[in-house]
Structures are given as structure tokens and as C-alpha cells.
**Q** 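My questions all concern the structure below.
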Amino acid sequence: MRIATYNVNGVRGRLPVLLRWLDQTQPDIVCLQELKAPQDAFPEDAIRAAGYGAIWHGQSRWNGVAILAKGADPIETRRGLPGDPDDLHSRYIEAAVGGILVGGLYLPNGNPRPGPKFDYKLRWFSRLTDHMRKLYKTRAPVVIAGDYNVMPTPKDVYKPERWLDDALFAPEVRTAYAGLLEQGWVDALRHLHPDETIYTFYDYFRNAFARDAGLRIDHLLCNRPAAKRLRTADVDRFVRGWEKTSDHCPVWIELAPS
DNA sequence: ATGACAGTTTTAAACTGA
């Protein structure tokens with residue numbers, strides 16, 4: 001069972017790349033972020049033709065999250081985090097697929113810091129922390145995957161000293177991420193590759209990909225039943241080298257059969 | 001400190017991203 005997360009940065013403009021990647025790697029479950037498409041503009045037909053059922057929460061211009069399942073329809077269990085009915089951003093969706101509970105998230109960027117956007121990021125993170133505390137205790141495997149917009153440690157940034165004041169690396173957000181690990185969640189990529197340099201994002205500027213000037217901000221967190229089945233994990237870096245590609249790479253884990 | 005690029009929308013300049 002392969003579970004992937006991919007910030008596509010525009011699902012319509014990225015559709016050829018997304019379909020090529022799906023066809024080539026055949027993940028069983030996929031969390032997508034940054035659809036940048038209103039609800040009725042999601043390319044459902046093309047994705048279904050590729051063999052995937054889907055649920056999604058769109059939004060005009062920004063944000064937007066989806067969950068795809070190969071040969072199945074995800075059973076939606078939640079859209080939007082609890083705790084703030086006034087928060088209209090499409091940033092969280094959750095579903096049961098094949099006995100696994102999967103949450104897909106797009107955590108706010110938070111720049112500039114300080115400021116209202118950073119405050120919103122911390123509030124959103126706090127709501128996520130509350131929700132994940134409950135989910136952790138689920139007896140079934142739970143995987144919360146997505147663009148967390150956090151580099152957890154200096155090892156996850158090409159030049160940490162330049163990012164100290166940035167909303168993706170600030171002490172407050174690293175502390176919040178560490179709080180999830182303290183609940184027991186396992187950061188799958190780091191757990192299986194404790195000493196490797198792993199990046200999941202390379203900006204479009206300054207030839208960042210060729211220089212390997214990256215960030216690790218896309219994560220898959222496993223509760224204990226999921227972590228017990230965790231076998232392999234990796235980043236599909238080759239996709240970042242394609243034409244008209246996202247600035248993020250797909251990231252995935254492989255769980256042993258139940 | 002700024003801006004480099006990319007996707008989207010009030011289809012042109014502005015916003016957001018990380």
C-alpha cells in the first residue's frame with residue numbers, strides 16, 4: 001500500500017504532469033495540495049479515467065486539497081479542521097480508504113513573520129494539534145500527509161542560517177511540529193532515513209533544483225498502527241525535473257499489507 | 001533587502017507562494 005502526498009501548485013495546469021506521475025508510479029492513495037481551482041473545476045473525469053476515485057475541497061484561486069484512491073472511492077470523514085467555523089480556507093480533508101484513515105493538509109505558509117498571516121498559521125497549527133491528538137488514538141492506521149510548510153530541523157534546509165526568521169523555520173512552528181512527534185506521530189521519511197539530506201521542495205528561482213537548494217516541508221506522519229507497517233519511504237525527485245512541473249516533489253511511503 | 005519564477009484571476013496587474 002503506497003500512500004503519497006503531492007503539492008501540485010495548480011491542478012489544472014499540472015494535470016499532464018500529475019497523470020504522467022500517477023501512470024508511472026501507481027500510488028494507492030494520494031493527497032494533493034494547492035489545487036488552485038474552484039470546486040466545480042477539479043478535473044474529476046481525467047483522474048477517474050486514470051483509475052482513481054477522488055474527493056476534493058476546492059477554492060477559487062488558492063489552497064484546495066484532494067484525496068485520490070486507486071480503484072476505489074475514498075469515504076470522506078471530514079473536510080476542514082474543527083475549532084473555527086469562520087476559517088473558510090480549503091486546507092484539510094480526511095477519508096477512509098482500504099482500512100486506513102488518511103488526512104491531507106495544506107498548512108498555511110505564514111509569511112511574513114511577524115504579522116496576521118503568521119498568527120493564522122499558529123492558530124491553524126494549534127487546531128491541527130488538537131485534532132491529531134484525538135486521531136492518534138485510533139486503533140486503525142492513520143496517516144496525516146501534506147504540505148506542513150515547516151522544516152522540522154536544520155538538517156531539512158539547505159542553508160538554515162538564512163531561514164531563521166522565516167515563517168517556515170521559525171522556532172514557534174518547529175516547536176509546534178515537535179509537539180506532534182511528542183504525541184507519538186512518526187515522521188516517516190526522517191524515521192527511515194535519519195541521516196540523509198532529504199528535500200521535497202525547490203523554488204523556481206535561481207536554479208534551485210540543479211543546485212540542490214531545497215527544503216523538506218512535505219511530510220507523512222504515522223500513528224503507531226501505521227508506523228508498525230511502515231516499510232519504505234522516498235521522494236520522487238525525478239518529477240521535479242520534468243517540464244511544467246510543480247515546485248514540490250511527490251513524497252510517498254509504503255505500508256506492509258495488514 | 002530585493003527579486004528571481006509560476007499559477008491564478010476582474011485577462012492585466014496584482015496577489016500568493018516558500
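As the structure is a computational prediction, the values presented were derived from the model and not from experiment. By convention in this document, chain letters (A, B, ...) are assigned in the order of the sequence lines, proteins followed by strands, and residues within each chain are numbered from 1. Values below: every heavy atom of this structure, side chains too, minus hydrogens, waters and symmetry copies.
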**Q** Quick one: is the NZ or CZ of Arg174(A) closer than 6.0 Å to the six-membered ring centre of Phe169(A), and within 45° of its axis?
**A** yes
**Q** Please state how far atom CD in Glu34(A) lies from atom C1' in dC15(B), giving the value in whole angstrom units.
**A** 13 Å
**Q** Once you round it to whole Å, what is the distance between P of dA18(B) and OH of Tyr120(A)?
**A** 13 Å
**Q** NA contact type, Asn63(A), heavy-atom cut-off 4.0 Å: base, sugar-phosphate, or nothing?
**A** nothing
**Q** Do the charged groups of Arg123(A) and Asp87(A) touch, with an N to O distance under 4.0 Å?
**A** no
**Q** Nearest whole Å is fine: how far is dC15(B) P from Asn111(A) CG?
**A** 17 Å
**Q** Taking only heavy atoms on the protein side, list every residue of residues 7-14 of chain A lying under 4.0 Å from any atom of DNA chain B, sorted numerically.
**A** Asn7(A), Asn9(A), Gly10(A), Arg12(A), Gly13(A), Arg14(A)
**Q** Give me the distances for all protein-to-nucleotides 3-5 of chain B N/O pairs that come in under 3.5 Å?
**A**
from: dG3(B); atom 1: N2; to: Arg206(A); atom 2: NH1; distance (Å): 3.3

**Q** When the P atoms of dT10(B) and dC5(B) are considered, how many whole Å apart are they?
**A** 25 Å
**Q** Checking Arg14(A) side chain against Lys244(A) main chain: does a donor-acceptor pair fall under 3.5 Å?
**A** yes
**Q** Between dA1(B) and dG7(B), how many Å separate the two P atoms, rounded to a whole number?
**A** 29 Å
**Q** Within the 4.5 Å heavy-atom criterion, are Tyr6(A) and Val239(A) side-chain neighbours or not?
**A** yes
**Q** Do any side-chain nitrogens or oxygens of Asn109(A) fall under 4.0 Å of OP1 or OP2 in dG17(B)?
**A** no
**Q** Heavy atom of residues 160-177 of chain A under 4.0 Å from DNA chain B: which residues?
**A** Leu168(A)
**Q** Would you kindly say whether Gln33(A) and His248(A) are connected by a side-chain donor-acceptor distance under 3.5 Å?
**A** no
**Q** Would you measure the distance from the P atom in dT2(B) across to the matching atom in dA6(B) and give it in whole Å?
**A** 22 Å
**Q** Looking at Arg48(A) and Asp73(A), is any side-chain nitrogen of the basic one under 4.0 Å from a carboxylate oxygen of the acidic one?
**A** yes
**Q** So, does Thr138(A) use its side chain to make a donor-acceptor pair with the main chain of Ala140(A) at under 3.5 Å?
**A** no
**Q** Could you state the CG-C1' distance from Asn149(A) to dT16(B), rounded to the nearest angstrom?
**A** 12 Å
**Q** Taking 4.0 Å as the cut-off, does a side-chain nitrogen or oxygen of Tyr106(A) come that near to OP1 or OP2 on dA18(B)?
**A** yes
**Q** Got a sec? Which of residues 241-251 of chain A come in under 4.0 Å of DNA chain B, heavy atoms?
**A** Lys244(A), His248(A)
**Q** Find the distance Tyr199(A):OH to dA18(B):P and express it as a whole number of Å.
**A** 18 Å
**Q** Do any N or O atoms from the side chain of Lys121(A) and from the backbone of Asn149(A) form a donor-acceptor pair under 3.5 angstrom?
**A** yes
**Q** Is the side chain of Thr129(A) donor-acceptor paired with the backbone N or O of Phe125(A) at a distance under 3.5 Å, no angle test?
**A** yes
**Q** Yes or no on side chain to side chain contact (heavy atoms under 4.5 Å, CB included) for Asn223(A) and Trp185(A), after CA distance, side-chain angles and deciding distance?
**A** CA-CA 5 Å; Asn223(A) 75 340; Trp185(A) 295 94; 3.8 Å; yes
**Q** Within this structure, what is the CZ-to-P distance between Phe42(A) and dT8(B), rounded to whole angstrom?
**A** 13 Å
**Q** Distance between the C1' atoms of dA18(B) and dA4(B), in whole angstroms?
**A** 13 Å
**Q** Please report, rounded to the nearest Å, how far the P atom of dT16(B) is from the CZ atom of Phe201(A).
**A** 17 Å
**Q** Would you say Glu34(A)'s side chain and Val8(A)'s backbone share a donor-acceptor pair under 3.5 angstrom?
**A** no
**Q** May I have the distance from Leu32(A) (atom CG) to dG7(B) (atom P), rounded to whole angstrom?
**A** 16 Å
**Q** Under the ring-ring contact (aromatic ring centres under 6.0 Å, His included) rule, what pairs show up with a residue in residues 24-66 of chain A, not counting sequence neighbours?
**A** Phe42(A)-Trp56(A)
**Q** Can you tell me if Tyr177(A) uses its side chain to pair, donor with acceptor, with the backbone of Met151(A) under 3.5 Å?
**A** no
**Q** Under 4.0 Å from OP1 or OP2 of dG17(B): is there any side-chain N or O of Lys117(A) that close?
**A** yes
**Q** Suppose the criterion is salt bridge (Lys or Arg N to Asp or Glu O under 4.0 Å): which pairs have a residue in residues 196-213 of chain A, not counting sequence neighbours?
**A** Asp203(A)-Arg206(A), Asp212(A)-Arg237(A)
**Q** Which nucleotide in the set dT9(B), dT16(B), dG17(B) lies at the smallest distance from any side-chain heavy atom of Trp62(A)?
**A** dT16(B)
**Q** Ion pair present between Asp130(A) and Arg127(A), side-chain N to carboxylate O less than 4.0 angstrom?
**A** no
